[in-house]
Amino acid sequence: MALLKVLLFPDPRLRTVAEPVAQFDDSLKRITNDMLETMYDGSGIGLAATQVNVHKRIIVLDISEDKDNPLILINPKLKKIVDSEKVSYSEGCLSVPGFYEELSRPSSVEIAAFNLEGEEMNIITDDLLSVVIQHEMDHLDGKMMVDFISNIKREMIRKKLNKAKGI
């Protein structure tokens, strides 16, 4: 396993729309293992392949207390919103380090995806799991949490991150 470099906002590669995974092979297992290691190392609870410059529809996440219950979703799709009532969470992002924003998302959604063996699965999510999956699926479509905040806040974040990078 290896740590991967996480792209940081405003890197334009974060806006790339990910392509579906076609091959369920050892390279897919390798990248998901590397993504999990990278996510855990960054103290994250979710990571989309786009964030590590792999433009495939892959998400890894683990919302367990002990970080011992990873979930890998290949080619995830929103099937339906199960409960349209919104839940608000202070969302953070490994690609926008140090910034958190209160965002509202549907509290329960049904997701269709594949596991590492290429077997289809359906998951009905709620609360935090629902929010994390929706956040990571946004990444696969080239969207980020900063897209849901004001232009002023987004520009402030951009300037602070660029300054931290010496730009």
Side-chain angles (χ1 to χ4, degrees), residues 1-79 89-101 103 105 109 111-123 125 127-148 157-158 160-162 164-167:
M1 291 183 16
L3 288 177
L4 303 169
K5 182 178 188 251
V6 176
L7 301 177
L8 299 179
F9 175 76
D11 192 309
R13 295 172 290 182
L14 288 165
R15 301 301 184 175
T16 305
V17 176
E19 297 290 325
V21 170
Q23 298 290 328
F24 291 80
D25 56 14
D26 287 342
S27 68
L28 179 61
K29 289 178 181 158
R30 232 180 346 271
I31 190 65
T32 57
N33 284 333
D34 291 347
M35 287 174 62
L36 283 167
E37 183 176 353
T38 302
M39 178 189 74
Y40 290 134
D41 183 71
S43 299
I45 58 175
L47 185 67
T50 302
Q51 293 176 268
V52 292
N53 204 28
V54 174
H55 302 287
K56 296 291 183 183
R57 298 192 76 78
I58 304 167
I59 293 172
V60 300
L61 56 114
D62 189 342
I63 62 169
S64 68
E65 273 304 304
D66 297 326
K67 303 298 178 203
D68 60 356
N69 192 24
L71 178 60
I72 298 169
L73 302 175
I74 311 299
N75 298 335
K77 290 183 182 168
L78 176 67
K79 281 185 77 170
Y89 278 93
S90 181
E91 292 188 31
C93 182
L94 292 175
S95 292
V96 190
F99 294 92
Y100 297 86
E101 286 297 327
L103 300 179
R105 298 182 185 266
V109 295
I111 303 295
F114 294 91
N115 64 18
L116 282 175
E117 285 73 43
E119 299 163 334
E120 191 168 0
M121 57 183 170
N122 287 305
I123 302 168
T125 67
D127 298 324
L128 181 58
L129 181 59
S130 178
V131 168
V132 173
I133 289 175
Q134 291 174 74
H135 175 110
E136 300 309 333
M137 285 179 65
D138 280 348
H139 278 297
L140 299 180
D141 293 328
K143 295 183 214 160
M144 298 182 66
M145 64 178 255
V146 295
D147 297 341
F148 302 104
I157 291 170
R158 178 189 322 271
K160 283 186 177 182
L161 290 176
N162 280 339
K165 289 189 276 187
I167 297 174

- Message: Quick one about S27 and D25 (side-chain donor to acceptor, distance below 3.5 Å, no hydrogens or angles considered), yes or no?
- Response: yes
Does [X] use its side chain to pair, donor to acceptor, with the backbone of [Y] at less than 3.5 Å?
| X | Y | answer |
| --- | --- | --- |
| D147 | M144 | yes |
| Q134 | S130 | yes |
| E91 | E101 | no |
| S95 | F9 | no |

Residue pair [X] / [Y]: nearest heavy atoms and the distance that separates them:
| X | Y | value |
| --- | --- | --- |
| H139 | T50 | O-OG1, 3.6 Å |
| N75 | P20 | OD1-CA, 3.3 Å |
| T38 | A2 | OG1-O, 3.9 Å |
| P76 | A113 | CA-CB, 3.9 Å |
| N115 | E117 | OD1-N, 2.9 Å |
| Q51 | L14 | CA-CD2, 3.9 Å |

- Query: Within a reach of under 6.0 Å around CD of E119, are more than 12 heavy atoms found that belong to other residues, nucleotides or ligands?
  - Reply: yes
- More than 12 heavy atoms of other residues, nucleotides or ligands under 6.0 Å from CD of E65: is that the case?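 Open.
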- Task: Carefully, step by step, assess L4 and I31 under the rule side chain to side chain contact (heavy atoms under 4.5 Å, CB included).
- Result: CA-CA 9 Å; L4 303 169; I31 190 65; 3.8 Å; yes
In Å and rounded to the nearest 0.5 Å, what is the [atom1] to [atom2] distance from [X] to [Y]?
| X | Y | atom1 | atom2 | answer |
| --- | --- | --- | --- | --- |
| K67 | I45 | NZ | CD1 | 6.0 Å |
| K160 | I157 | NZ | CD1 | 8.5 Å |
| I133 | I111 | CD1 | CD1 | 5.5 Å |
| R105 | D138 | CZ | CG | 4.5 Å |
| D41 | D34 | CG | CG | 12.0 Å |
| R13 | L8 | CZ | CG | 10.0 Å |

- Full working for side chain to side chain contact (heavy atoms under 4.5 Å, CB included) between V6 and V52: CA-CA 5 Å; V6 176; V52 292; 4.3 Å; yes
Quick one: does [X]'s side chain get under 4.5 Å of [Y]'s, heavy atoms only?
| X | Y | answer |
| --- | --- | --- |
| L161 | F99 | yes |
| M39 | L36 | yes |
| N162 | P10 | yes |
| L61 | L129 | yes |

- State which residues pass side chain to side chain contact (heavy atoms under 4.5 Å, CB included) with L116; sequence neighbours excluded, sorted by chain then number. L28, K29, T32, I72, I74
- Query: Does anything in residues 45-64 pair up under salt bridge (charged side-chain N to carboxylate O under 4.0 Å, His left out), and if so which pairs, sequence neighbours excluded?
  - Reply: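 Every pair satisfying salt bridge (charged side-chain N to carboxylate O under 4.0 Å, His left out) with a residue in residues 45-64: R57-D141.
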- Task: Under the side chain to side chain contact (heavy atoms under 4.5 Å, CB included) rule, what do L73 and I123 come out as? Steps first, then yes or no, please.
- Result: CA-CA 10 Å; L73 302 175; I123 302 168; 3.6 Å; yes
